[in-house]
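Each chain gets a letter, A, B and so on, in the order the sequences are listed, and its residues count up from 1.
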Amino acid sequence: MILKDEYDTVERVAGADVAYIKDRAVCALVVLDFASLNVVKEVVVETKVTFPYIPTFLAFREIKPIAKALKKIGKKSFDILLIDGHGIAHPRRLGIASHIGVLIKKPTIGVAKKLLYGKLKKDPNPISEIISDNEILGYALKRKNYNPIYISPGNMITPKSALSIVKRTIKNKLPEPIKIAHNLANLHKRKCR
DNA sequence: GCGACAG
DNA sequence: ATCTTGTCGC
Ligand SMILES: [Mg+2]
């Protein structure tokens, strides 16, 4: 894991999420133009579920479908990848965003809807650092009347840069890449039933 | 030993 | 995350 900024231009930001149908996982991966937030590429893949959900081990459950989607879309089609789940804001500093970042050797950022590890330095409205052991793991952001979201580096990026990138992709609560990937995965699921 | 616990 | 329609509120 590299916790420094290891990227230059950010023109395309990707987002991934996984939905489930019994023992099948549906992963949607979308790539957006960072400036316009328009979708420029998207893929949906399916795999069989091979691991149960166990808190702190989410990566073992979702890495298969996400890796398959990454292989299909091409790792060169984006500069940074946003993952639904935590990065280093994790008891072993190795959440799913970090796991995937190390796997593909690219910058990744974890964006979660609930806090798993660490404490907030202050009220998250409008923003707070996520702290553990006197170290900044990431940030909690609260917008409007929405519940807060939690942002932490996955790989090859600092907490501050991760916050900056994610902020610029937010329209309402969730960053667009994550929101669109989530919707696409669920649409594919509905269409199937 | 008890409680908390991403998706 | 999932089961599951309408409904309240920004
Ligand atoms: Mg998810």
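Between B:dC5 and A:H90, no contact under 4.0 Å exists linking OP1 or OP2 to a side-chain N or O. An OP1 or OP2 oxygen of B:dG7 is reached within less than 4.0 angstrom by a side-chain nitrogen or oxygen of A:K113. Proximity of A:Y53 to the phosphate of B:dA6: a side-chain N or O atom is located under 4.0 Å from OP1 or OP2. Not one side-chain nitrogen or oxygen of A:K114 sits closer than 4.0 Å to the OP1 or OP2 atom of B:dA4.
Here A:F57 lies in heavy-atom contact (under 4.0 Å) with a base. Residue contacts for A:I96: at a heavy-atom cut-off of 4.0 Å it reaches a base atom on one of the strands shown. At a threshold of 4.0 angstrom between heavy atoms, the contacts of A:A89 with the nucleic acid are absent. Residue-level contact check: A:H99 touches neither bases nor backbone, having no heavy atom under 4.0 Å from any strand. Backbone-only contact: A:K189 has heavy atoms under 4.0 Å from sugar-phosphate atoms and none from a base.
Using a 30° and 60° split on the angle between ring planes, A:H99 and A:F60 fall in the perpendicular class, above 60°.
Across the protein-nucleic acid pair, A:K64 atom NZ and C:dA1 atom C1' stand 20 Å apart, rounded to whole Å. To the nearest angstrom, P of B:dA6 lies 16 Å from CG of A:L137. Taking atom CG on A:L82 and atom C1' on B:dA6, their separation rounds to 15 Å, with Å as the unit. Remark: P of B:dA6 and CD1 of A:I63 are 19 Å apart, rounded to the nearest angstrom. Rounded to a whole Å, the OH atom of A:Y20 is 11 Å from the P atom of B:dG7.
Between A:K144 and A:H182, the one whose closest nucleotide on DNA chain C sits nearer the 5' end is A:H182. Taking the nucleotide of DNA chain C with the nearest heavy atom to each of A:Y146 and A:D17, the more 5' of the two is matched to A:D17.
Comparing atom distances between the A:D84 side chain and each of B:dG7, B:dC5, C:dA1 picks out B:dG7 as nearest. Here the side chain of A:R193 is nearest to one of B:dA6, C:dC3, C:dA1, namely C:dC3. Listed nucleotides: B:dG7, B:dC5, C:dT2. Nearest to the side chain of A:L116: B:dC5.
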Given the rule in the salt bridge (charged side-chain N to carboxylate O under 4.0 Å, His left out) test, do A:R93 and A:E135 qualify, once you have shown the distances and angles that lead to the verdict? CA-CA 12 Å; A:R93 304 291 195 280; A:E135 175 184 7; 3.6 Å; yes
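A salt bridge between A:K189 and A:E46 is absent, with no side-chain N of the basic residue lying under 4.0 Å from a carboxylate O of the acidic one.
A side-chain donor from one of A:S132 and A:Y117 sits under 3.5 Å from a side-chain acceptor of the other. Residues A:D5 and A:S161 have side chains that bring a donor and an acceptor to within less than 3.5 angstrom of each other.
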